[in-house]
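Contents: one structure, followed by commentary.
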Amino acid sequence: AARTESYSLTFASKEVEIKLEAEEEKAAALAAEDVAKKAEEERLAAEAAAAAEARTKEAAEAEAKKKAEEEGAAAAAEEMKAKKAEEARLAAEAAAAEEAAAKEEEERQKAWRNGNVTILYNMYNDPFEIKDGSLTAAAIDEEYCLTDVMPGCQIHLSRISPEEFTKLSQLPEYGADFEVSPLAHWRHSRMVILDPETT
């Protein structure tokens, strides 16, 4: 009976021990599970934080890129504006220079084409007025009365003397169609009279 009682106590103690071990294992498993759960939560939180940081960085980069593009476009527009302004300035200067040159040429031509010319013929040595580069034979004839003395004569003006004019007009390189400088350039001209009775 004493042995049987001893076996019962041993068996009961063993059951308690097994039960305690099972509870300890269960508690350890729950603790491990809790640790694993917390580790997973931390991992997911870290991933979420990393993703948020990446999105923030991407948004910042996109904003910086947009700003740089806007600044580049603004700089290009300003450069184009400055270029057009410079082109307009140069065009205006060129137009002003062209206008000034045209005006200067007009004044020069006006000065050349208006003024007085001295007509020399024999004893005559009178000044005549040139208007718009023109001096008519009638104006000369009215002053010198050439057609009264030589009816039908032709009046030609030259820088050279009648003798030189005749000599040059007989040279092969000039011939009968010998021409003289335009009247607008004359300031002291000589007159050549071609009498129809002698030509």
**Prompt:** Looking at CG of D141 and CG of L146, how far apart are the two atoms once the value is rounded to the nearest 0.5 Å?
**Reply:** 5.5 Å

**Prompt:** If you draw a 6.0 Å radius around CD in E107, do more than 12 non-hydrogen atoms from other residues or ligands fall strictly inside?
**Reply:** yes

What pairs of donor and acceptor atoms, side-chain ones from residues 88-102 against any protein atom, are under 3.5 angstrom apart with sequence neighbours left out?
from : atom 1 : to  : atom 2 : distance (Å)
R89  : NE     : E86 : OE1    : 3.1
R89  : NH1    : E93 : OE1    : 3.3
R89  : NH1    : E93 : OE2    : 2.4
R89  : NH2    : E86 : OE1    : 3.4
R89  : NH2    : E86 : OE2    : 2.5

**Message:** Using the side-chain hydrogen bond (donor to acceptor under 3.5 Å, both in side chains) criterion, which residues pair with D126? Sequence neighbours excluded.
**Reply:** none

**Fill in**
Note: A137 and I155 closest approach over all heavy atoms is O-CD1, 3.8 Å

**Fill in**
side-chain hydrogen bond (donor to acceptor under 3.5 Å, both in side chains) filter on E40, not counting sequence neighbours, yields R43

Donor-acceptor pairs are to be reported for all side-chain atoms of residues 28-38 against protein atoms at under 3.5 Å, with residues two or more places apart or in another chain.
none

**Complete:** Closest non-hydrogen atoms of I140 and F128, given as atom of the first, atom of the second and distance, are CA-CE2, 3.7 Å

**Prompt:** Any idea how Y144 and Y124 line up, ring-wise: parallel (<30°), tilted (30 to 60°), or perpendicular (>60°)?
**Reply:** parallel

**Fill in**
Here the gap from K83 atom NZ to M80 atom CE, rounded to the nearest 0.5 Å, amounts to 5.5 Å

Solution key, residues 18-26 side-chain donor-acceptor pairs under 3.5 Å, sequence neighbours excluded:
none

**Residue pairs fulfilling salt bridge (Lys or Arg N to Asp or Glu O under 4.0 Å) with at least one residue in residues 58-73, sequence neighbours excluded** = none

